[in-house]
Engineer: 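Structure in structure tokens, see below.
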Amino acid sequence: MIEFAREAYDDVVYAGYDGAPEEVCGVLAGEYGEEESTVVDAYPTENVADTPEIRYYIDPEEQLAVIEEIEDAGLEVVGFYHTHPAGPTQPSETDADRAAWPGYSYAICAFAGYPYLGSWRWQGEEAGFEQEVVRVVDR
């Protein structure tokens with residue numbers, strides 16, 4: 001399960017609205033757990049993909065800088081997020097090909113009619129993504 005503080009959840013959804021028609025992306029921060037994680041903040045990053053309308057890619061140097069910022073704030077990396085402005089609510093084959101953090105959450109916000117934020121834990125190449133429950137709480 002992944003629990004989002006309302007503000008972090010809203011930040012991801014509104015960033016998706018503001019970034020459309022391109023995918024937006026970033027790093028989720030809070031408290032990491034193997035079974036349950038809590039997101040208290042979403043750190044946006046630039047999408048440097050060649051085709052940002054249908055792909056996302058976080059520059060490795062920017063990702064490292066954001067991770068250091070998260071750790072300096074006393075938080076842990078919980079996972080990553082991106083949007084599918086016109087795509088499916090589940091991870092794509094490309095998302096699976098690029099997933100690199102086993103055990104961490106990959107949240108996707110899709111906008112087919114009404115925003116839907118789902119999350120999947122990457123279990124590695126053999127097992128792929130496993131959908132997890134998303135809970136939103138006011139803090």
Side-chain angles (χ1 to χ4, degrees):
M1 183 178 80
I2 187 168
E3 180 178 281
F4 276 81
R6 167 60 64 189
E7 186 176 340
Y9 177 90
D10 289 347
D11 286 347
V12 172
V13 172
Y14 291 130
Y17 278 128
D18 292 343
E22 295 181 355
E23 293 190 8
V24 299
C25 52
V27 182
L28 301 172
E31 185 177 326
Y32 173 80
E34 290 183 17
E35 300 293 324
E36 182 176 327
S37 295
T38 302
V39 177
V40 297
D41 207 350
Y43 286 72
T45 59
E46 183 179 357
N47 181 355
V48 295
D50 291 337
T51 53
E53 299 81 15
I54 58 171
R55 301 279 184 265
Y56 84 98
Y57 181 69
I58 301 171
D59 178 86
E61 288 184 23
E62 182 181 13
Q63 181 175 315
L64 181 59
V66 168
I67 290 170
E68 288 176 356
E69 185 178 348
I70 289 169
E71 291 172 349
D72 288 347
L75 301 171
E76 298 172 294
V77 172
V78 170
F80 305 89
Y81 72 88
H82 72 283
T83 60
H84 284 173
T89 57
Q90 68 275 355
S92 67
E93 285 185 34
T94 302
D95 294 335
D97 290 342
R98 293 188 176 171
W101 287 55
Y104 285 79
S105 298
Y106 286 76
I108 299 172
C109 191
F111 294 92
Y114 186 79
Y116 168 80
L117 190 142
S119 188
W120 291 260
R121 289 229 184 193
W122 178 243
Q123 302 300 322
E125 289 183 33
E126 293 296 318
F129 284 108
E130 181 178 295
Q131 190 168 12
E132 62 185 337
V133 172
V134 175
R135 183 169 72 184
V136 181
V137 297
D138 292 317
R139 293 191 178 256

Engineer: Examine distances only and state if a side-chain atom of Ser119 and a backbone atom of Glu132 form a donor-acceptor pair shorter than 3.5 Å.
Structural biologist: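 Between the backbone of Glu132 and the side chain of Ser119 there is no qualifying donor-acceptor contact (under 3.5 Å).
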
Engineer: Considering all heavy atoms of both residues, which atom of Pro115 and which atom of Cys109 are nearest to each other, and what is their separation?
Structural biologist: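 Minimum heavy-atom separation between Pro115 and Cys109: CB-SG, 4.3 Å.
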
Engineer: With sequence neighbours excluded, tell me which residues meet salt bridge (charged side-chain N to carboxylate O under 4.0 Å, His left out) with Asp138.
Structural biologist: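 Applying salt bridge (charged side-chain N to carboxylate O under 4.0 Å, His left out) to Asp138 gives Arg6.
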
Engineer: Would you compute the distance between atom CG of Asp10 and atom CZ of Phe4 and round it to the nearest 0.5 angstrom?
Structural biologist: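 It comes to 11.0 Å.
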
Engineer: Indicate yes or no: does Glu3 engage Arg135 in a salt bridge with an N to O separation below 4.0 Å.
Structural biologist: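 Yes.
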
Engineer: For residues Cys25 and Tyr56, report the shortest heavy-atom separation together with the two atoms involved.
Structural biologist: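 Scanning both residues completely, I find the closest heavy atoms to be CB-CD1, 3.5 Å.
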
Engineer: So does Glu69 get a backbone contact from the side chain of Asp72, meaning a donor-acceptor N/O pair under 3.5 Å?
Structural biologist: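 Judged by distance alone, no pair lies under 3.5 Å.
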
Engineer: If two hydrophobic side chains count as joined below 4.5 Å and joins carry through other members, does Val40 share a cluster with Tyr9?
Structural biologist: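 Unlinked, Val40 and Tyr9 end up in two clusters.
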
Engineer: Do Asp95 and Tyr106 come close enough that some side-chain heavy atom pair is under 4.5 Å?
Structural biologist: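 Heavy-atom side-chain distance check fails, nothing below 4.5 Å.
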
Engineer: Are Val136 and Val12 linked, directly or through other ILVMFWY residues, by side chains that come within less than 4.5 angstrom of each other?
Structural biologist: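 The answer is yes; both residues are in one hydrophobic cluster.
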
Engineer: On a heavy-atom basis, which atom in Ala96 and which in Trp122 lie closest, and how many Å separate them?
Structural biologist: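 Nearest heavy atoms, Ala96 then Trp122: O-CH2, 3.5 Å.
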
Engineer: Is there a continuous path of hydrophobic side-chain contacts, each under 4.5 Å between heavy atoms, that joins Val66 to Leu64?
Structural biologist: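 No, separate clusters.
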
Engineer: Supply the atom-to-atom distance Leu28 CG to Thr38 OG1, rounded to the nearest 0.5 angstrom.
Structural biologist: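 Taking CG in Leu28 and OG1 in Thr38, the distance rounds to 11.5 Å.
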
Engineer: Assess the pair Phe80 and Tyr104: is the distance between their ring centroids shorter than 6.0 Å?
Structural biologist: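 Not under 6.0 Å, so no.
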
Engineer: Hydrogens and angles aside, do Asp97 and Thr94 bring a side-chain donor and acceptor to less than 3.5 Å of each other?
Structural biologist: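 Result is no, nothing qualifies.
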
Engineer: Identify the two heavy atoms, one from Phe111 and one from Val13, that lie closest to each other, and give their separation to 0.1 Å.
Structural biologist: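 So the minimum-distance heavy-atom pair works out to CZ-O, 3.6 Å.
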
Engineer: Does Val78 belong to the same Ile/Leu/Val/Met/Phe/Trp/Tyr cluster as Val134, with side-chain heavy atoms less than 4.5 Å apart forming each link?
Structural biologist: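 Yes: a chain of side-chain contacts under 4.5 Å links Val78 to Val134.
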
Engineer: Is there a donor-acceptor pair closer than 3.5 Å between any side-chain N or O of Asp11 and the backbone N or O of Asp41?
Structural biologist: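 No, Asp11 side chain to Asp41 backbone: no donor-acceptor pair under 3.5 Å.
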
Engineer: Take atom CD of Glu7 as the centre, draw a 6.0 Å sphere, and report whether it contains more than 12 heavy atoms from other residues, nucleotides or ligands.
Structural biologist: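 Atom CD in Glu7 is not packed in, count stays at 12 or less.
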
Engineer: Answer yes or no: does atom CD of Glu31 have more than 12 heavy-atom neighbours from other residues, nucleotides or ligands under 6.0 Å?
Structural biologist: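 Check fails, neighbour count at 12 or below.
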
Engineer: Kindly give the heavy-atom pair with the smallest separation between Arg121 and Glu34, and that separation in Å.
Structural biologist: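 Taking Arg121 first and Glu34 second, the nearest heavy atoms are NH1-O, 3.3 Å.
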
Engineer: Measure up the Tyr116 and Trp120 rings against each other and bin them: parallel (under 30°), tilted (30 to 60°), perpendicular (over 60°).
Structural biologist: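 Correct class here is perpendicular.
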
Engineer: Find out whether His82 and Ile108 are in side-chain contact, i.e. whether some heavy atom of one side chain is under 4.5 Å from a heavy atom of the other.
Structural biologist: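 His82 reaches Ile108 side chain to side chain.
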
Engineer: Give, for atom OH of Tyr81 and atom CD1 of Ile58, the distance between the pair rounded to the nearest 0.5 Å.
Structural biologist: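 Reported to 0.5 Å precision, the distance equals 8.0 Å.
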
Engineer: Could you tell me which non-hydrogen atom of His84 sits nearest to which non-hydrogen atom of Glu23, and how far apart they are?
Structural biologist: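 Distance-wise, the nearest heavy atoms are CD2-OE2, 3.6 Å.
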
Engineer: In terms of hydrophobic clustering (I, L, V, M, F, W, Y; side-chain heavy atoms under 4.5 Å; direct or indirect links), are Ile54 and Tyr17 co-clustered?
Structural biologist: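 Different clusters: Ile54 never reaches Tyr17 through Ile, Leu, Val, Met, Phe, Trp or Tyr contacts under 4.5 Å.
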
Engineer: Would you confirm whether Glu62, through its side chain, and Thr45, through its main-chain N or O, come within 3.5 Å as a donor-acceptor pair?
Structural biologist: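 Checked: no pair found.
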
